[in-house]
**Q** 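Just passing along the structure, written as structure tokens.
Letters go in sequence order (proteins before strands), and every chain restarts at 1.
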Amino acid sequence: MTNLSDDDVRYVAGLSKFNLSDDDISKFKQELAAILEYVDQLQDIDTDGVEPTAQVTGLVNQMRVDEIKDYGVERADLLENAPEDDGESLKVPKVL
Amino acid sequence: MSHVLDTPISDIVSAVKSGEITATELVREALERARHDKNHSLLELIEERAIEQAKEIDKKPEGKLAGVPFIAKDNFLTFGSKTTAASHMLGNFKAPFQSTAVERLEAEGAICIAKANLDAFAHGSSTENSDFGPTTNPHDETRVPGGSSGGSAASVALNIAPFALGTDTGGSIRLPASFTGTVGFKPTYGLVSRYGVVAMASSTDVIGPIARSVEDAALVFDVLAGNDWRDSTMIERDQTSYASLSKPKQLKIGVISEFMTDSLDSEVSRSTKEAIELLKQTGAEVEEVHIPAVEHSLACYYIIVPAEISSNLARFDGIRYGFSERSGESLDDVYKNSRTNGFGPEAKRRIMIGNYVLSSGYYDAYYKKAMQVRTLLVDQFNKAFEKYDVLVSPVAPTPAFKLGENNQDPLQMYLADIMTVGVSLVGAPAVSVPVRPTASGLPIGLQIIGAQRSDKIVLEVARTVEENVENG
């Protein structure tokens with residue numbers, strides 16, 4: 001299962017939104033394969049009929065009233081971190 | 001005579017309230033020490049705001065932590081200051097609001113004086129993976145302080161401040177505490193609000209204190225724990241006070257036998273056994289306990305956690321905040337160029353592993369399988385807790401390793417967490433408390449683990465160890 005190909009790594013880099021050079025691909029291929037080979041030990045464990053665990057405190061959905069709550073965060077402080085803005089909103093490259 | 005800053009937190013608070021010392025003097029002293037941070041434990045000082053807050057406290061010294069300076073790991077948002085998570089991705093990020101943990105501490109009079117170094121995005125076990133250079137171990141500059149809260153632990157070991165905030169996803173509080181001779185406490189999952197903390201893996205991320213004593217850690221934890229409407233994953237507090245520790249009676253302790261093997265460093269083995277013997281002498285009943293699934297906990301962790309990381313780090317897209325590269329033509333180019341150049345190799349590895357194990361065709365074999373193994377871990381730990389009040393093990397198989405020793409091989413670095421990740425996956429509380437150091441003076445920590453919501457017992461047992469162990 002851990003026979004990763006260059007194309008596998010390119011595919012997963014694409015899902016991750018990374019531009020990787022061919023050198024990067026071959027380096028990550030080795031590292032990722034080693035990690036996947038290590039985690040493959042789980043295949044030997046019998047988990048037939050075992051329910052998966054996603055969270056551990058038994059909480060179920062936390063419902064709340066659908067209303068606007070004040071988080072006390074200022075627009076100006078948020079925009080200060082924006083790569084590009086027009087003083088009111090974030091600017092992004094043209095989508096359409 | 002020692003400085004007030006070096007005394008237990010309760011004494012510092014008394015000294016501030018009685019007027020023996022002012023909060024301003026304490027903050028100035030802590031900042032002065034921070035300027036002589038020989039191990040690069042800190043990334044940024046918060047001078048102006050800290051002095052202003054101290055002056056306010058001096059007008060009316062109130063609160064459980066009145067005038068006590070502290071340090072926050074740089075993945076806690078500290079309003080108005082830089083919060084980088086030690087990554088170039090957030091190199092210029094200025095926190096637009098306050099994390100709840102810092103807010104709660106400030107409400108009790110504590111003062112944040114600096115931000116501590118960490119492995120970028122808390123991905124690492126040595127603090128070598130900081131984009132701003134590694135932190136070294138105050139006990140031996142050629143060695144790592146552990147990670148990812150290595151800066152927090154080192155700053156406390158250096159006595160810059162009495163306590164620091166850390167985060168623990170798979171051992172990131174306990175490991176550095178063990179390597180630096182400090183007390184590191186990871187509470188039960190969900191007791192401390194994570195609002196305003198840079199997320200790593202949401203099903204195991206926990207916030208906790210690193211301090212110089214169990215009593216100090218308990219006092220800080222008592223202030224941290226409590227509901228916050230802005231974090232919907234929280235559980236209710238189960239104690240009025242986590243700070244009033246009693247002496248535990250008729251303890252039943254299980255020693256996790258899977259972690260007491262021949263591959264353990266001989267001095268770690270000796271110090272662990274010695275601490276267990278001391279617990280016996282205080283009247284505890286001690287037995288070996290088998291938790292077979294812990295043998296696979298690291299493999300389980302390195303599927304589940306990267307999966308959650310790939311999701312949590314998807315928000316770094318170069319649009320709203322963080323590193324952004326806008327040279328490309330399309331929106332997709334902005335995403336790709338920003339993420340490719342903003343994230344370091346370890347974040348990239350973890351994101352790609354996460355996206356791989358979640359992708360169609362591999363989900364069942366990896367992610368679902370790991371979630372099933374997680375169930376086995378939970379069941380086996382729970383079974384052990386039916387019989388034992390706490391479980392003990394070393395925190396790590398070795399004392400602090402050398403800088404550069406493990407950072408060329410990602411898997412080798414992951415193995416440093418082999419004894420801590422299982423506890424994270426079951427959401428249990430655990431502490432690292434110093435036991436007898438190596439002959440050459442390197443600290444060693446004992447891990448004490450309790451069932452969920454037995455935080456207080458865990459701290460009480462830790463205090464018993466602290467009181468009885470020959471430390472130094």
**Q** Could you measure the distance from the CD atom of A:E31 to the CD atom of B:E346? Nearest 0.5 Å is fine.
**A** 8.5 Å
**Q** Which atoms form the tightest heavy-atom contact between B:P96 and A:V73, and what is the distance?
**A** O-CG1, 3.9 Å
**Q** Can you name the closest pair of heavy atoms from B:L331 and A:P93 and give their distance?
**A** CD1-CD, 3.7 Å
**Q** Mind checking whether B:T233 and A:Q55 have side chains closer than 4.5 Å, heavy atoms only?
**A** no
**Q** If you round to the nearest 0.5 Å, how far is CG of B:N92 from CD of A:E80?
**A** 10.5 Å
**Q** With only heavy atoms counted, which part of B:A370 is less than 4.5 Å from chain A, the side chain, the backbone, both or neither?
**A** both
**Q** What verdict does the salt bridge (Lys or Arg N to Asp or Glu O under 4.0 Å) test give for A:D77 and B:K94, after you've listed the backbone C-alpha separation in whole Å, the side-chain angles of each residue and the deciding distance to 0.1 Å?
**A** CA-CA 8 Å; A:D77 291 332; B:K94 202 171 146 194; over 6 Å; no
**Q** Below 4.5 Å from any heavy atom of chain A, which atoms of B:Y367 appear? Answer side chain, backbone, both or neither.
**A** neither
**Q** Rounded to the nearest 0.5 Å, what separates atom CZ in A:F18 from atom CG in B:N341?
**A** 11.0 Å
**Q** Heavy-atom cut-off 4.5 Å, strictly under: side chain, backbone, both or neither for A:L20 against chain B?
**A** side chain
**Q** For atom CD of A:Q41, decide whether the heavy atoms of other residues, nucleotides or ligands shown that lie under 6.0 angstrom number more than 12.
**A** yes
**Q** Counting only heavy atoms closer than 4.5 Å, note whether B:E295 contacts chain A via side chain, backbone, both or neither.
**A** backbone
**Q** With a 4.5 angstrom heavy-atom cut-off, is it the side chain or the backbone of B:V378 that approaches chain A, or both, or neither?
**A** side chain
**Q** Do A:R64 and B:W229 come within less than 4.5 Å of each other through their side chains, counting heavy atoms only?
**A** no
**Q** Considering only heavy atoms, which portion of B:N355 lies under 4.5 Å from any heavy atom of chain A: side chain, backbone, both, or neither?
**A** both
**Q** Which heavy atom in B:L411 sits nearest to a heavy atom in A:A34, and how many Å separate them?
**A** CD2-O, 3.9 Å
**Q** State which residues pass salt bridge (Lys or Arg N to Asp or Glu O under 4.0 Å) with B:R339; sequence neighbours excluded, sorted by chain then number.
**A** none
**Q** Less than 4.5 Å to any heavy atom of chain A: does that hold for the side chain of B:L377, its backbone, both, or neither?
**A** neither
**Q** How long is the gap from CG on B:D333 to CG on A:N19, to the nearest 0.5 Å?
**A** 7.5 Å
**Q** Which bit of B:L415 comes within less than 4.5 Å of chain A, counting heavy atoms only: side chain, backbone, both or neither?
**A** side chain
**Q** Does any part of the side chain of A:K17, heavy atoms only, come nearer than 4.5 Å to the side chain of B:D317, both counted from C-beta?
**A** no
**Q** Taking C-beta and beyond as the side chain, do A:L59 and B:M234 meet within less than 4.5 Å on heavy atoms?
**A** no
**Q** Considering only heavy atoms and a distance below 4.5 Å, find which of A:K91, A:K27, A:E84, A:E74 pairs most often with chain B.
**A** A:E84
**Q** Pull out the residues in residues 320-327 of chain B that come under 4.5 Å of chain A, heavy atom to heavy atom, sorted by number.
**A** B:R320, B:Y321, B:G322, B:S324, B:R326
**Q** I need the B:I303 CD1 to A:I35 CD1 distance, nearest 0.5 Å.
**A** 11.0 Å
**Q** Quick check on the interface: out of B:A95, B:S202, B:G80, B:P410, who has the most heavy-atom pairs with chain A under 4.5 Å?
**A** B:P410
**Q** Check whether any side-chain heavy atom of B:V334 sits under 4.5 Å from a side-chain heavy atom of A:V92, and report yes or no.
**A** no
**Q** Could you state the interatomic distance from CE (A:M63) to OG (B:S232), rounded to the nearest 0.5 Å?
**A** 11.5 Å
**Q** In terms of heavy-atom proximity below 4.5 Å to chain B, should A:L15 be classed as side chain, backbone, both, or neither?
**A** both
**Q** Counting N and O atoms only, with roles assigned by atom type, does the side chain of A:T53 sit under 3.5 Å from a partner on the main chain of B:R374, one being a donor and the other an acceptor?
**A** no
**Q** Can you tell me if A:T47 and B:Q372 form a side-chain donor-acceptor pair at under 3.5 Å?
**A** yes
**Q** Mark yes when over 12 heavy atoms from residues, nucleotides or ligands other than B:D332 sit less than 6.0 Å from its CG; otherwise mark no.
**A** yes
**Q** Looking at B:F93, B:Y335, B:F79, which one has more heavy-atom pairs under 4.5 Å with chain A than the rest?
**A** B:F93
**Q** By a 4.5 Å heavy-atom criterion (distance strictly below it), what part of B:Y301 contacts chain A: side chain, backbone, both, or neither?
**A** neither
**Q** Work out which heavy atom in B:A365 is nearest to a heavy atom in A:Q43; give both atom names and the distance.
**A** O-NE2, 2.8 Å
**Q** For A:Q62, look at atom CD and say whether over 12 heavy atoms of other residues, nucleotides or ligands are found less than 6.0 Å away.
**A** yes
**Q** Can you find a heavy atom in the side chain of A:L32 that is under 4.5 Å from one in the side chain of B:Y356?
**A** no
**Q** Which pair of non-hydrogen atoms, one from A:F28 and one from B:K348, has the smallest distance, and what is that distance?
**A** CZ-CB, 3.9 Å
**Q** Taking the side chain as everything from C-beta on, heavy atoms only, tell me whether B:Y414 gets closer than 4.5 Å to A:Y38.
**A** no
**Q** Kindly give the heavy-atom pair with the smallest separation between B:Y189 and A:T57, and that separation in Å.
**A** O-CG2, 3.6 Å
